[in-house]
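Residue numbers start from 1 in every chain, and the chains themselves are labelled A, B, ... in the order their sequence lines are given, proteins ahead of strands. Values reported hereafter were calculated over all heavy atoms of this structure, with side chains retained and with hydrogens, waters and symmetry mates removed.
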Protein chains: 2
Amino acid sequence: MATIYEVAALAGVSPATVSRVFNGRTVSPEKQRLVLDAAARLAFTPNKTARRLRKRSSEIIALLIPDIENPFYTALARGVEDRAQEAGFSVVLCNTDDDPAKELRYLGIAASEEMAGVILSPASDEVDLGAIVSLGRPVVAVDRTTPYPVDAVKIDNRAAGIAATTALVDAGFQRIACIAGPLGIESTEDRFLGWRQVVAARGIDVREGYLRHANFRVDGGHAAMKALLALDAPPDAVVTTNNLMAVGALRALAEAGVSLDAFGLAVVGELPDLVLAPATVTQVRLPARHLGTTAAQMLLERIAGDAQPLRTVVLRADVIPAPPVG
Amino acid sequence: MATIYEVAALAGVSPATVSRVFNGRTVSPEKQRLVLDAAARLAFTPNKTARRLRKRSSEIIALLIPDIENPFYTALARGVEDRAQEAGFSVVLCNTDDDPAKELRYLGIAASEEMAGVILSPASDEVDLGAIVSLGRPVVAVDRTTPYPVDAVKIDNRAAGIAATTALVDAGFQRIACIAGPLGIESTEDRFLGWRQVVAARGIDVREGYLRHANFRVDGGHAAMKALLALDAPPDAVVTTNNLMAVGALRALAEAGVSLDAFGLAVVGELPDLVLAPATVTQVRLPARHLGTTAAQMLLERIAGDAQPLRTVVLRADVIPAPPVG
DNA sequence: GAAGTACGAGAAATCGATTTCGTCAAGAGT
DNA sequence: ACTCTTGACGAAATCGATTTCTCGTACTTC
């Protein structure tokens with residue numbers, strides 16, 4: 001790797017001039033050419049590390065998400081990466097596993113690596129963003145929000161919950177239960193509130209035990225559905241507040257031999273693969289990739305120096321309704 | 001962010017001594033304590049950028065894969081990340097979209113960012129690894145190999161193809177077609193060779209058109225399956241050489257109203273979600289995550305200075321057989 | 001007891017780019 | 001004609017850690 005000094009020597013100019021050529025400052029066309037020729041001959045690439053040390057910032061953004069194996073976050077990550085790449089930024093992906101300790105560790109890395117900014121889906125309300133924020137690094141919260149004053153991009157989760165539930169009501173189901181995520185996570189709470197709003201408004205019979213809080217994963221959905229089916233008066237339809245729990249629920253239904261012709265299922269989120277899902281499942285398609293591109297866009301604007309007041313962008317979800325009960 | 005100089009001043013020692021404390025060199029216990037106290041009081045974190053400039057290497061490894069939205073690569077990425085994190089390394093994830101130009105760009109970034117090493121699934125045989133290799137950066141090829149002299153971790157693809165095909169033969173199918181990936185990609189070619197070996201060995205009737213090359217995605221599998229079903233003598237079973245093409249094939253079968261009770265399908269790879277897949281599909285489970293951890297392990301050993309001869313590790317796939325035809 | 005060894009620790013060089021500062025020359029303004 | 005402005009560009013400082021070099025003290029060893 002050639003350095004700026006070697007290029008300068010070959011071109012017969014000072015290192016400062018070489019730097020100016022590569023940073024778009026005022027340099028005479030003639031020296032400009034000399035430098036570019038020399039740089040080309042030496043296959044010169046500026047050393048990013050040295051530049052970063054001086055500029056105190058890099059072209060890297062950190063993306064902290066709970067789990068890259070969840071297709072929702074995969075799509076989100078893809079969106080972030082696409083937008084970042086257009087702007088010449090690289091993305092470092094960090095799985096927090098919803099563990100505040102891991103999250104904190106990664107935030108520390110982002111700071112000491114002098115990354116340009118952070119996009120994160122906070123593991124809890126207690127994330128300590130104080131350190132990076134006070135360093136002046138822009139932060140964008142995505143999918144979930146935080147008490148810290150940072151930009152945010154989220155989904156209209158209550159509307160998504162309402163849409164999922166309404167689809168089941170419209171399809172003629174009478175006893176609609178809800179498998180919600182753990183308490184304390186805003187996105188899933190809003191979705192569950194959407195469910196509650198609809199069943200209350202429509203005067204739907206909600207028995208004891210029709211609301212179940214489970215962990216966010218397949219096993220949680222599975223256990224919750226088993227419990228629902230074991231009730232004296234089991235529901236005839238269920239709303240789940242995320243995709244993985246729906247997979248678990250489907251598995252439980254299959255094990256119990258319950259046909260989806262007579263049992264309604266609506267998911268806030270997309271099942272891992274649309275094709276293989278029974279057509280009778282209602283899915284609320286979350287704009288995951290768009291969430292990512294939007295967040296990246298906002299972050300890039302902040303990195304570029306945009307100082308407008310904090311923004312929260314709310315994206316709306318699409319509904320893919322199931323056909324009415326035959 | 002406090003610097004090493006401030007810590008040194010507060011502790012009453014030289015910056016060199018502070019550095020030695022943080023790098024496990026010989027320092028008297030007494031000064032050690034002074035330094036640690038001062039560092040704690042100032043909440044000192046060593047600046048990684050400055051360190052990297054001096055050491056000419058960072059604790060970051062680049063992972064170049066075709067597409068993070070493919071669950072196979074997601075699992076692989078997760079494996080890499082888990083292992084890397086244990087060793088205190090961060091992973092930068094790069095989607096190449098199987099585009100050699102993007103791949104080259106990312107390799108350039110890896111070099112100029114002074115990343116510690118690269119794990120990649122080459123987009124083509126023509127990747128130019130010359131630059132990084134000559135820089136002395138370790139590289140590990142994963143899932144696919146390259147002509148360059150680098151370590152590799154791959155799957156026994158031929159065995160996987162054989163296993164998938166054998167499962168169909170054993171289940172009693174007579175006319176077994178193959179939907180293979182594009183020519184020129186080693187992994188899929190080996191799988192298809194496995195199919196050919198089995199059908200040849202068992203004297204199975206392979207009609208004209210029973211081998212189809214498609215792109216690696218859902219639409220490719222869909223089109224190929226449609227074409228197969230449109231043959232005068234359509235097959236009664238199909239092997240697909242990756243997961244996404246199987247999804248496309250399933251969709252085509254569903255559209256054509258073909259029941260999976262009478263039609264065999266074997267996939268090299270796992271369907272996006274096992275639960276929702278018909279139980280009659282044979283899947284060859286690829287150890288994607290393990291591939292990732294193994295590759296990361298090898299890379300970390302090289303980074304640590306391991307100079308043993310080049311290694312190629314071949315991992316074996318598991319078969320999840322479908323039940324015999326009823 | 002003299003010479004040799006070992007080790008702790010400070011001063012200063014180093015990594016490679018960016019940026020401030022200052023100089024010099026050419027063109028503008030009065 | 002003389003000052004003022006402007007712009008190109010080189011010298012040198014700077015970013016913050018690591019790593020030689022070097023020196024001085026303490027400890028062996030014969």
D:dA8, OP1 or OP2 - any side-chain N/O from A:Thr26 closer than 4.0 Å? yes
For residues A:Val153 and A:Leu315, determine if any side-chain heavy atom of one lies less than 4.5 Å from a side-chain heavy atom of the other. yes
Test item: B:Arg51 and B:Asn23 side chains (from C-beta on) under 4.5 Å apart, heavy atoms: yes
Presence of salt bridge, [Y] and [X], under 4.0 angstrom:
X        : Y        : result
B:Asp98  : B:Arg144 : yes
B:Asp82  : B:Arg289 : yes
B:Glu114 : B:Arg56  : yes

Is the closest side-chain donor-acceptor distance between A:Glu113 and A:Ser58 under 3.5 Å? no
Looking at B:Asp97, B:Asn95, B:Thr96, which one forms a side-chain hydrogen bond (donor to acceptor under 3.5 Å, both in side chains) with B:Lys102? B:Asp97
For DNA chain C, which residues of residues 28-41 of chain A approach it to below 4.0 angstrom with any heavy atom? none
For B:Arg41, give me all partners under salt bridge (Lys or Arg N to Asp or Glu O under 4.0 Å), at least two apart in sequence or on another chain. none
Output one line per pair: protein atom, nucleotide atom from nucleotides 14-23 of chain C, and distance, for all N/O pairs under 3.5 Å.
from, atom 1, to, atom 2, distance (Å)
C:dT14, O2, B:Arg54, NH1, 2.9
C:dC15, O3', B:Arg56, NH1, 2.8
C:dG16, N2, A:Ala50, O, 3.4
C:dA17, OP1, A:Asn47, N, 3.0
C:dA17, OP2, A:Ile4, N, 2.3
C:dA17, N7, A:Tyr5, OH, 3.1
C:dA17, N6, A:Tyr5, OH, 3.1
C:dT18, OP1, A:Asn23, ND2, 3.4
C:dT18, OP1, A:Arg51, NE, 2.9
C:dT18, OP1, A:Arg51, NH2, 3.0
C:dT18, OP2, A:Ser19, OG, 2.8
C:dT18, OP2, A:Asn23, ND2, 3.1
C:dT18, O2, A:Arg54, NH1, 2.6
C:dT19, O4', A:Arg54, NH1, 3.4

